[in-house]
There are 2 protein chains.
Amino acid sequence: MPRKPRVRSGSGVTMHDVAKAAGVSAITVSRVLNQPQQVSEALREKVMQAVDALAYVPSRSASTLASARSRTVLVLIPSLANTVFLETLAGIETVLDAAGYQMLIGNSHYDAGQELQLLRAYLQHRPDGVLITGLSHAEPFERILCQHALPAVYMMDLADDGRCCVGFSQEEAGAAITRHLLSRGKRRIGFLGAQLDERVMKRLEGYRAALDAAGCRDAGLEWLDPQPSSMQMGADMLDAALAQRPDCDALFCCNDDLAIGALSRSQQLGLDVPERLAIAGFNDLQPSAWCTPTLTTVATPRRDIGVHAAQALLKLIDGEEPESRRADLGFQLMLRRSS
Amino acid sequence: MPRKPRVRSGSGVTMHDVAKAAGVSAITVSRVLNQPQQVSEALREKVMQAVDALAYVPSRSASTLASARSRTVLVLIPSLANTVFLETLAGIETVLDAAGYQMLIGNSHYDAGQELQLLRAYLQHRPDGVLITGLSHAEPFERILCQHALPAVYMMDLADDGRCCVGFSQEEAGAAITRHLLSRGKRRIGFLGAQLDERVMKRLEGYRAALDAAGCRDAGLEWLDPQPSSMQMGADMLDAALAQRPDCDALFCCNDDLAIGALSRSQQLGLDVPERLAIAGFNDLQPSAWCTPTLTTVATPRRDIGVHAAQALLKLIDGEEPESRRADLGFQLMLRRSS
DNA sequence: GTTTTTCATGTTAGCGCTAACATTTCATGT
DNA sequence: ACATGAAATGTTAGCGCTAACATGAAAAAC
């Protein structure tokens, strides 16, 4: 008794069906689809006709299994709710798309443990490379990358240990915007921080360094909350800050959400911005140019970071060296009414 | 001469290696990982130890190929830059994650042709099902789904043709917010529309229906632009609208970006909102509760749509019937200062 | 005209896993 | 004691594709 045939995936048309229809061998079909220049014009055409006629869709799983290349890249980001990472994704997408790669998006929710689990889970897909947000990760993270010989590019910040990275100095950016507030004559400059991820902490370091240099650092002017940031939280933090330190004359908020919340609240309170209180944000999101008063902030090249990081990763995957293993894309102060 | 061995993917540890280390057959390892209740406690433990010791990561490709199930779902959305779809994704993610499914995200950039290409490209991964934004698609789209016997759930809107869908009536929502403006005594209510996707056009239909019912529809009060919407565009469209029709006394903007831009511009112009001009948006994004004056808008249950749609899809994949093939999750008017 | 090289195509085997069937083990009923 | 069936484990084959090698035909070199 013959055994029951297995179910087939997809519409059931395989490369062999195409080959039979075109009167060639399977490998020829494979070559027409993957290295067309290796096949003569005549056969190429015949095969393509058969592909169209049968509506053949090749199976990525079979291809990955046979070739040990998945043409897939894993992208690890901390949040899908933050425009910053979405614009980075958009940049990555354009490059990968053009190269025939697909991206797997792993959202770690700002949690190093979850990030590690994501990496493990997505390794099942045998990605050819990984794009990673941030430099510091849970313990066995780097070791796993190493074991699997996975090319990796780190995004958003700059590493000093030889890891391939594309970004800008979060610390320098934090220092720069703080110096701007100093240049406006402010001396009791506060810091509002939420989420408290790696990048926020570095901006905080930059803020501290700038104030130390100016001799007016005051630890009592830092307000930090590990919760995710939101406009509501910015408003609440402003209330708390003014209650504790009514002498505060400027605020550097670790991102624009917080800053817009604080700005909005100070408008409600009738505070004179920027005279009584200057406010600066970080990232230059769309609403920052539109709120009243318009928000001073730091524009970050997140889309370009995505593009450059993806390009560098593709080079690494192909065994080449990227143009630079440490690409500093800089940042730009956007000086507006709120300061 | 023996032929050169092939390269291996990943770290090179296979299920057979684990099986040998644990002193069992490969299929037992497979069962420990996939149907653990079928294996005795003792063996299960021995196998798990071997898995950990060797840091074994199963290959999804091999599994997909052998079982004709990819445990993967394709999600088609029109944009990654729009919070609305991201929150939908977040809802989908929670459900799929819990069920051990992974999602492939396809971004069509609001282009039906690109959407079709995405579907074709992602079919290579043999997804077990598809979550689709919107009801109308390029020609062979539905046929392809059919050919591949792909379970599909449509999101954001309600179909009348038996397709499984989760959403709310865009048309009814557009009508409801328009009736609200009418109830505020407005009679020359304009419509600002951008992007002009399917959902915007249905909101427009609802707006027209409500005005027809009240006997004050005026085709000269509709301003439509196929470009992607932005705050800038909202501001520009407000200028154009007031220049053409200074008698306009209310505006329904097809989304909050446009509305905030228009609101901001009318503040700059010193217009009295809502007395001289009432403004309403759509979606209830975060800034809408924070701009001045706060924005009247329609809150949409996008996260829940994601959750429900994913749940329904999982049922369809398992060959069961979802609770409802047409889940109406409703919407909510958020009445604020701008009206 | 013969050898060498190049190019186009084919044959074979195997990537790592799981469905289907086969076998063994052991508890249960009679 | 033995049949009966359920539970646990194993054997075999094959999912659909491509790397490696093999072959044949045409072009280039001598």
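Since this is a predicted model, take the numbers as computed values, not measurements. Chain letters run A, B, ... following the sequence lines, proteins first and then strands; every chain starts at 1. The analysis underlying the following values was restricted to heavy atoms, covering all of them including side chains, and did not include hydrogens, waters or symmetry mates.
Atom CD1 of Ile305(A) and atom OG1 of Thr133(A) lie 9.5 Å apart (nearest 0.5 Å). Distance check: Leu116(A) CG to Asp111(A) CG gives 10.0 Å after rounding to the nearest 0.5 Å. Ser108(A) contributes atom OG, which lies 11.5 Å from atom CG of Leu119(A) (distance to the nearest 0.5 angstrom). Here CD of Gln38(A) is found 10.5 Å from OG1 of Thr28(A). Values are rounded to the nearest 0.5 Å.
One interatomic measurement links the two molecules: NE2 of His16(A) to P of dC15(D), which rounds to 10 Å at whole-angstrom precision. Atom-to-atom, CE of Met15(A) to P of dT11(C) comes out at 16 Å; the value is rounded to the nearest Å. Atom CZ of Arg69(B) is separated from atom P of dA19(C) by 10 Å (rounded to the nearest Å). Protein atom CZ of Arg126(B) is 11 Å distant from nucleotide atom C1' of dC17(D), rounded to whole Å. With rounding to whole Å, Leu65(A) atom CG is found 12 Å from dT18(C) atom C1'.
Comparing dT18(C), dA19(D), dG10(C) by their closest approach to the side chain of Ser67(A) singles out dA19(D). In this structure, the nucleotide among dG10(C), dC15(C), dC17(C) sitting nearest to the side chain of Ala66(A) is dC15(C).
Note on Ser63(A): every side-chain N or O is 4.0 Å or more away from OP1 and OP2 of dC17(D). At the phosphate of dG10(D), OP1 or OP2 sits under 4.0 Å from a side-chain N or O atom of Ser25(B).
Shown for residues 27-58 of chain B: residues whose heavy atoms fall under 4.0 angstrom of DNA chain C, namely Ile27(B), Ser30(B), Asn34(B), Tyr56(B), Pro58(B).
In this pair, His137(B) and Tyr154(B) present their aromatic rings tilted. The plane angle is within the 30 to 60° band.
Around atom CD of Glu320(B), more than 12 heavy atoms belonging to other residues, nucleotides or ligands sit under 6.0 Å away.
With respect to Val57(B), the side-chain contact (heavy atoms from CB on, under 4.5 Å) criterion is satisfied by exactly one of Arg120(A), His125(A), Arg126(A): Arg126(A). Of the options Val307(B), Thr88(B), Leu329(B), a side-chain contact (heavy atoms from CB on, under 4.5 Å) to Pro301(B) is made by Leu329(B) and by none of the others.
Each of Ala62(B) and Gly23(B) was assigned the nucleotide of DNA chain D with the nearest heavy atom; the assignment lying further toward the 5' end belongs to Gly23(B).
Remark: the backbone N or O of Arg71(B) is paired with a side-chain donor or acceptor of Arg60(B) at under 3.5 angstrom.
Stem list for DNA chain C (at least 3 consecutive Watson-Crick or G-U pairs, distances under 3.5 Å): C:1-30 with D:1-30.
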